[in-house]
Structure formats: C-alpha cells, structure tokens
Amino acid sequence: MPHRPTSETGRPAWRASVLTLFPEMFPGPLGLSLAGQALAAGIWSLDLHQIRDFGIGRHRAVDDTPAGGGAGMVMRADVLAAAIDHARASAPEQPLVYMSPRGEPLTQATARALAAGPGVMILAGRFEGVDQRVIEARQMREISIGDYVMSGGELPAMVLLDACVRLLPGVVGAAESLVHESFETGMLEHPLYTRPREWEGRAIPEVLLSGDHKKIAEWRAEEQRRATAARRPDLLKRTAS
Ligand code: SAM
C-alpha cells in the first residue's frame, strides 16, 4: 500500500510531489499563510524529489546539448524517467504534470479538478526544457501559467499548488468566500470596498451600505458583467459557447 498521509481531521492529505533541481526553493511561500497553515495541519503534504539524484556519472549530469544543435541544454529523458518512476512508486495515483510554456493555460477549472483528486506530481523544468520523449512516454499533462517564459518550473509549480491548495476543504475559512471569486462564475469579481466609508473624497457606493441584500446582489452581478465585458470579453464568449 502506498503511504498516504492523513490530516488532523483523519482525512487523507491531498498529496503534492515536486521533481526539481532546486528542492530548497520549497515550500517557500507555500509554507506561509493559508497554504502553510494547511500544510502544518496535514490537509496537504509535499514530497520533494531531487532530480540530480538520478543524474548520470560522477557529475550526476541531468542535461545534454540539443539534438540538431542550438543554444542551451535539454533535460535528459532517461534521467527524468528514473526520477519520475522512483517518485511514482510511492505515489502512483497522482496525475503527472509538466510545467511548460507550451502547455494548456492554467485555469480555475483545472485547479478545481486537480484539487478534487488525490493530489498532483509536478515536474519543474530547467534549461531549455525537457526531452519530448519523456513527456510522451510518461504521459505528462503540460500546463502553462501564462504567455511568458520563467527561468524554471519551480515558481510555476508553486502557482499551480497554491491555486489548488486554497480550494481544499478547511483551507479558506468560509467556503462561501470562494464561490464568488473571479473565474468561479466564468466572470471577474465585482469591485470590493471596506472601511473607512469615505477616503480621499471617494465614497463607498451607496447601495453597499443600504442593507438591501437583493439590491446588493443585483449591483454586484451587474459590476461583474461590466468588468468582464471591459477587461476580459473572451471570458464572456467562453461562458456563452
Ligand atoms: N525553451 C522553453 C520555451 O521556449 O518554451 C523555455 C524553457 S524555461 C527557460 C525553463 C523551464 O521553466 C521550463 O522547462 C518550464 O518548466 C518552466 N517554465 C517557464 N515558463 C513557464 C510558464 N509560462 N509556465 C509553466 N512553466 C514554465
């Protein structure tokens, strides 16, 4: 039986594994605030695997020059497969994700689907990226955090993990606060206000102080539509289709 850590509540922990050349970067920001408290409470767990442990030769090489020439280095398929197979032996149920600018864009729906499963195993790339053959042979799902290039997959892995972990039961205090967030409804969130009632000559919209919950809900729904149409019309098109 694979080891499956349990949380304080007795529920099996949502299990994250990261394969990286820089395990010391973790948990990093995931060790603080909501994610950090949830990690300490055992709501989720984090296993780190040093890819270099599976490197070749005296220097534990993990990369080599690109076939066909060109700049930079490519992570070797045989080294990565050995690291993945080793990690998989103790976590066979986790879907395997390679953080990659060539991947499908990360969405709230993806985070929600992964959070509903047993966890995730993430390969963080470095150099120019990873030999295509290991992506195919180990059936990795490629996920991108946006249309820009980071120097490594560790920060993208943290982005994905943070988006998933905050959706786990018991991590965010009021589950209600997740429901109205940007993207959950297919739209951006409405604007937010808090005290003081007036600040630098700017007042909180009157309706929010009216105590009329129906009117407040209508105002928020309209603001959501307005912000989404102005800033992200692509989201409205997606919802309509
Ligand atoms: N040569 C690659 C390209 O042009 O697509 C970029 C490689 S990047 C310097 C090194 C690693 O960072 C990648 O293997 C990937 O793991 C990670 N990475 C960089 N940008 C990313 C993004 N937008 N989303 C997810 N991972 C990313």
Side-chain angles (χ1 to χ4, degrees), residues 14-30 35 44 46-56 59-88 91 94-115 117 119-167 182-183 231-232 234-235 238:
W14 189 83
R15 202 166 166 196
S17 305
V18 180
L19 293 94
T20 169
L21 286 171
F22 298 100
E24 60 275 24
M25 285 176 76
F26 293 85
L30 298 174
W44 69 293
L46 179 61
D47 299 319
L48 297 166
H49 300 274
Q50 170 55 273
I51 295 169
R52 199 163 293 284
D53 290 347
F54 302 87
I56 309 282
H59 296 294
R60 299 243 173 244
V62 298
D63 57 329
D64 213 324
T65 52
M73 300 294 272
V74 177
M75 296 183 87
R76 290 176 61 124
D78 50 356
V79 171
L80 292 175
I84 290 164
D85 295 347
H86 174 83
R88 267 269 162 88
Q94 295 169 324
L96 179 58
V97 167
Y98 167 44
M99 302 312 302
S100 162
R102 299 179 68 216
E104 63 185 277
L106 175 59
T107 63
Q108 188 66 12
T110 300
R112 199 162 268 293
L114 287 172
V120 64
M121 181 175 290
I122 305 177
L123 170 62
R126 281 273 157 179
F127 315 116
E128 285 308 313
V130 164
D131 188 312
Q132 180 64 23
R133 292 170 295 178
V134 71
I135 298 175
E136 293 166 12
R138 293 299 179 270
Q139 299 181 342
M140 295 184 213
R141 179 175 180 183
E142 294 181 70
I143 297 182
S144 164
I145 60 160
D147 291 345
Y148 42 84
V149 178
M150 310 274 304
S151 359
E154 288 77 13
L155 291 174
M158 288 179 202
V159 169
L160 175 60
L161 290 175
D162 184 81
C164 292
V165 164
R166 64 192 297 284
L167 297 174
S182 294
F183 311 114
R231 298 172 181 211
R232 293 291 305 276
D234 58 303
L235 291 178
R238 240 183 272 169

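Just follow the structure's listing: the first ligand is 1, and inside any ligand the first atom is 1. Being a predicted model, the structure only gives us computed values, none of them experimental. Below, all heavy atoms of this structure are taken into account, side chains as well, without hydrogens, waters or symmetry copies.
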Starting from [atom], find the nearest protein heavy-atom neighbour and note its residue, name and distance.
atom                    : result
atom 4 (O) of ligand 1  : Val149 CG2, 4.7 Å
atom 8 (S) of ligand 1  : Met150 O, 3.2 Å
atom 11 (C) of ligand 1 : Gly125 O, 3.5 Å
atom 27 (C) of ligand 1 : Pro101 CD, 3.6 Å
atom 15 (C) of ligand 1 : Met99 O, 3.0 Å
atom 23 (N) of ligand 1 : Tyr148 O, 2.8 Å
atom 10 (C) of ligand 1 : Phe127 O, 3.3 Å
atom 25 (C) of ligand 1 : Ser100 N, 3.3 Å

Which atom pairs, donor and acceptor, lie under 3.5 Å between side-chain atoms of residues 71-82 and protein residues at least two apart or in another chain?
residue, atom, partner, partner atom, Å
Arg76, NE, Asp78, OD1, 3.0
Arg76, NH2, Asp78, OD2, 2.6

Contact check: Ser151 vs ligand 1, nitrogen or oxygen atoms, below 3.5 angstrom
no

Any idea which part of Tyr98 is under 4.0 Å from ligand 1, heavy-atom wise: side chain, backbone, both or neither?
side chain

Quick look: Ser144 vs ligand 1, heavy-atom contacts under 4.0 Å, and the answer is both

Pairwise distance CG(Leu167) to CD(Gln108) - rounded to 0.5 angstrom
5.5 Å

Could you state the interatomic distance from CZ (Phe26) to CG (Asp47), rounded to the nearest 0.5 Å?
12.0 Å

Numbering the atoms of ligand 1 from 1, which are under 4.0 Å from a heavy atom of [X]?
X      : value
Ile143 : 25 (C)
Gly153 : 12 (O), 16 (O), 17 (C)
Gly129 : 14 (O)
Pro156 : 25 (C), 26 (N), 27 (C)

Arg52 side chain vs Arg60 backbone, donor-acceptor pair below 3.5 Å
yes

Quick check: does any side chain N or O of Trp44 sit under 3.5 Å from a backbone N or O of Gly119, one acting as donor and the other as acceptor?
no

Between His86 and His49, how do the two ring planes meet: parallel, tilted or perpendicular, split at 30° and 60°?
perpendicular

Is there a side-chain contact between Arg112 and Phe183 in this structure, where contact means two heavy atoms from C-beta onward sitting under 4.5 Å apart?
no

Sub-4.5 Å side-chain heavy-atom contact between Met25 and Met158
yes

Between Val165, Leu155, Ile145, Leu106, which is the residue that forms a side-chain contact (heavy atoms from CB on, under 4.5 Å) with Leu160?
Leu106

Please tabulate, for the side chains in residues 123-132, all donor-acceptor contacts under 3.5 angstrom to protein atoms that are two or more places apart in sequence or on a different chain.
residue, atom, partner, partner atom, Å
Arg126, NE, Glu154, OE1, 3.0
Arg126, NH2, Glu154, OE1, 2.8
Asp131, OD1, Arg133, N, 2.9
Asp131, OD1, Arg133, NE, 3.0
Asp131, OD2, Arg133, NE, 3.4
Asp131, OD2, Arg133, NH2, 2.7
Gln132, NE2, Glu136, OE2, 2.9

Decide whether the shortest distance between a heavy atom of Ile145 and an atom of ligand 1 is less than 4.0 Å.
yes

